[in-house]
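First up is the structure itself, then whatever we jot down about it.
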Protein chains: 4
Amino acid sequence: MAGVNKVILVGNLGSDPEVKYLEGDNAVANLSIATTEAYKNRNGERVEQTEWHDLEMWGAQAKIAEQYLKKGSQIYVEGKLKTDKWQDEQGQNRYRTKIRVLSFTMLGAKPDGAMGGNTNAPQQSNQQRPASAAPTSAPKAQEMVSDTEDDDLPF
Amino acid sequence: MAGVNKVILVGNLGSDPEVKYLEGDNAVANLSIATTEAYKNRNGERVEQTEWHDLEMWGAQAKIAEQYLKKGSQIYVEGKLKTDKWQDEQGQNRYRTKIRVLSFTMLGAKPDGAMGGNTNAPQQSNQQRPASAAPTSAPKAQEMVSDTEDDDLPF
Amino acid sequence: MAGVNKVILVGNLGSDPEVKYLEGDNAVANLSIATTEAYKNRNGERVEQTEWHDLEMWGAQAKIAEQYLKKGSQIYVEGKLKTDKWQDEQGQNRYRTKIRVLSFTMLGAKPDGAMGGNTNAPQQSNQQRPASAAPTSAPKAQEMVSDTEDDDLPF
Amino acid sequence: MAGVNKVILVGNLGSDPEVKYLEGDNAVANLSIATTEAYKNRNGERVEQTEWHDLEMWGAQAKIAEQYLKKGSQIYVEGKLKTDKWQDEQGQNRYRTKIRVLSFTMLGAKPDGAMGGNTNAPQQSNQQRPASAAPTSAPKAQEMVSDTEDDDLPF
DNA sequence: TTTT
DNA sequence: TTTT
């Protein structure tokens, strides 16, 4: 059956990516980005409305995010919606929707410039990363970074 | 500040649209659509994964949805993500994400055929609609139906 | 450098796909689809504007198109723009833009029904296809059909 | 009839926008933007492929482009494909595809910084613009700039 | 050249 | 809860 589930965002990270390393050199990154829309209300005043989106990246993508993205980074994101549903202790339905990222690219500033003076520099985050996390041939975040996980789970 | 917040879906309605009429001849419709993705797991078995999406339509769009869409209808939807956040009685953060529809179009079946034998036929739903709800010049759901709300609120 | 080049179409085939088989069991399909937009002019009359798009599919995707799509089929398409530029005999620049399809899915009608009474039936086109063209495990056009070419050329 | 004709691009201007002023304070801007894709060929070498896209903007949008965009500016663009077809003197079909922009936003650098030292500064281009071209309440290019033409022609 |  |  035909189905399309696609999200396209351009926004800025509200904080540095949170990356967790899992068994088998796998990694998952959680990011929060804001998209802001400006409009004029009926008094002609400019109003800004900000929407926050939770992103999830896996594998090499998560590692690239850790290495190149930080609070304030502007990115283009393409992904799909995924809603977790569970019951809390009161037996009530709880929902949380996130965007599973399929590809992203860093916008604007060159990454070198972007990293200069960055206190969350790669060297530091490297300390908590497996040595193999950043192969020298790795793509960079200002190129398109696609999800290339080899598992058979499409989530 | 630049921002893009865009969702594109193709899926089927899980049930008839739920439409509420408000003061001033305004209306809001809530729809739930499923997008299904098929893939093969590592045993080579075909697996289907279904994601459900909550849609919200306003104004003329809501009325067209009521008139032309029903359980099973396949639609193309374009909209934006909007997450409501509130605190429940336990003081816990609760979230609910929906898609504010900006335009949609009915896919596949001709609307005449689609309406044939439809127990939620326009005549019936007309009974609970203000007379002005369906001007004879109204677009139909198999054309692109854009949000034309005149209010100054971009939600 | 960051780049996004994305096209999303929903339209109907103007004619059956034209498929050519190449060496090494490769195949290429050319399709033409129409997207129609309706609007009202300043006299309040309904006007339709149709745009035609040239699609190009490769490999397994081309074979699935040949097997399941025909004149009139409604499809969702995702792809990227690709413009060929050359000089004609008069030394003038000539351009031709097509959409390299990355994924597509058939909309609306069930494929079985769609094929019924189709004079361009698979059996006939099979005569000119390598035997391996349609493995029994092939996806169908009413599922998402992604480009899976293994070559290293992103065109 | 259902139809979707959508293009999404992120790229950089190859040159300053070319803006023409028409009767009635209307304006049209032509821009050319490049989207670059990087991939590895079968020798493992990094290859870049650049695609050029012709954009067309009208009205206020064109004027904002003139004021804020220049060679090298990175923009997000949303629009629709439009192909002109005509016959040349030899009676041969000629085609030219462009993207009619529906909305765009400037990416990366803040506009103030972007304008600093810009030799195509607003003051200069103002000289050739009707006085009413840039109302003080005009949106800026780093907000989303939507097409708001009031004519009834969807081209 | 499609579709409604 | 849809669809195939």
Side-chain angles (χ1 to χ4, degrees), chain A residues 1-5 83 85 93 95, chain B residues 9-18 30-39 46-55 65 68-77 105-115 120 138-145, chain C residues 9-18 30-39 46-55 65 68-77 105-115 120 138-145, chain D residues 1-5 83 85 93 95:
Chain A
M1 196 256 14
V4 174
N5 172 0
T83 298
K85 179 182 176 181
N93 283 333
Y95 303 88
Chain B
L9 304 174
V10 172
N12 299 273
L13 272 70
S15 57
D16 293 346
E18 291 179 12
N30 288 282
L31 300 83
S32 181
I33 78 166
T35 58
T36 303
E37 188 177 0
Y39 64 98
R46 190 172 173 283
V47 184
E48 282 198 351
Q49 192 122 347
T50 293
E51 199 67 30
W52 287 96
H53 311 272
D54 291 335
L55 310 183
Y68 291 101
L69 302 183
K70 63 179 211 293
K71 180 175 176 173
S73 297
Q74 188 185 34
I75 58 173
Y76 169 94
V77 170
T105 191
M106 198 172 166
L107 300 173
K110 302 117 193 145
D112 294 341
M115 302 312 286
N120 293 310
K140 311 198 196 79
Q142 85 278 28
E143 294 180 5
M144 189 63 68
V145 182
Chain C
L9 303 174
V10 172
N12 299 275
L13 272 70
S15 57
D16 293 345
E18 293 179 11
N30 287 282
L31 300 84
S32 181
I33 78 166
T35 58
T36 303
E37 188 177 1
Y39 65 98
R46 192 173 172 282
V47 184
E48 282 197 352
Q49 192 122 345
T50 294
E51 199 68 29
W52 287 96
H53 311 271
D54 291 334
L55 311 183
Y68 291 101
L69 303 183
K70 63 179 212 294
K71 180 175 173 171
S73 297
Q74 187 185 36
I75 58 174
Y76 169 93
V77 171
T105 191
M106 196 170 167
L107 300 173
K110 302 118 194 145
D112 291 343
M115 302 312 287
N120 295 308
K140 312 200 196 76
Q142 85 277 29
E143 292 179 6
M144 189 63 67
V145 182
Chain D
M1 197 260 11
V4 173
N5 173 0
T83 298
K85 179 182 176 181
N93 282 332
Y95 304 86

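The figures here come from the full heavy-atom set of this structure, side chains too, leaving out hydrogens, waters and symmetry mates. The sequence lines fix the lettering, A, B, ..., with proteins before strands; numbering per chain opens at 1. All of these numbers come straight from a predicted model, not from anything done at the bench.
Atom pair L9(C):CG and dT1(E):P shows a separation of 20 Å (rounding to whole Å applied). Atom CG of L13(B) and atom P of dT2(F) are 11 Å apart (whole Å). Between M144(B) atom CE and dT4(E) atom P the separation is 16 Å, expressed in whole Å. In this structure, E37(B) places its CD atom 15 Å from C1' of dT3(F), rounding to the nearest Å. Taking atom CD of E143(C) as the reference point, atom P of dT4(F) lies 12 Å away to the nearest angstrom. For the pair Q49(B) CD and dT2(F) C1', the computed distance is 16 Å after rounding to whole Å. Nucleotide dT2(F) holds its C1' atom 15 Å from the CG atom of L107(C), rounded to whole Å. Put simply, CD on Q74(C) is 9 Å from P on dT4(E), counting in whole angstrom units.
Which of dT2(F), dT4(F), dT2(E) sits closest to the side chain of A34(C) comes down to dT2(E). Checking dT4(E), dT3(E), dT4(F) against every side-chain atom of Q142(B), the shortest atom distance belongs to dT4(E). Which of dT1(F), dT1(E), dT4(E) sits closest to the side chain of E48(C) comes down to dT4(E). Looking at the side chain of T36(C), the nearest of the listed nucleotides dT3(E), dT1(E), dT1(F) is dT3(E). Checking dT1(E), dT3(F), dT1(F) against every side-chain atom of W52(C), the shortest atom distance belongs to dT1(E).
The side chain to side chain contact (heavy atoms under 4.5 Å, CB included) test with L55(C) singles out one residue from L31(C), N30(C), L13(C), and that residue is L31(C).
Of the possible donor and acceptor atoms, none in the side chain of E37(C) sits under 3.5 Å from a partner among the backbone N and O of G3(D). Between the side chain of S15(B) and the backbone N or O of K71(B), no donor-acceptor pair lies under 3.5 Å.
When the side-chain hydrogen bond (donor to acceptor under 3.5 Å, both in side chains) test is applied to D54(B), the partners found at least two apart in sequence or on another chain are R96(B). Judged as a side-chain hydrogen bond (donor to acceptor under 3.5 Å, both in side chains), and not counting sequence neighbours, the contacts of T50(C) are T36(C).
Within the 4.0 angstrom heavy-atom criterion, no nucleotide atom of any strand lies near S73(B). No contact: I33(B) has no heavy atom under 4.0 Å from any strand.
Taking only distance into account, the side chain of T35(B) never meets the base of dT2(F) through a donor-acceptor pair shorter than 3.5 Å. The base of dT2(F) sits with one of its N or O atoms less than 3.5 Å from a complementary donor or acceptor on the side chain of T50(B).
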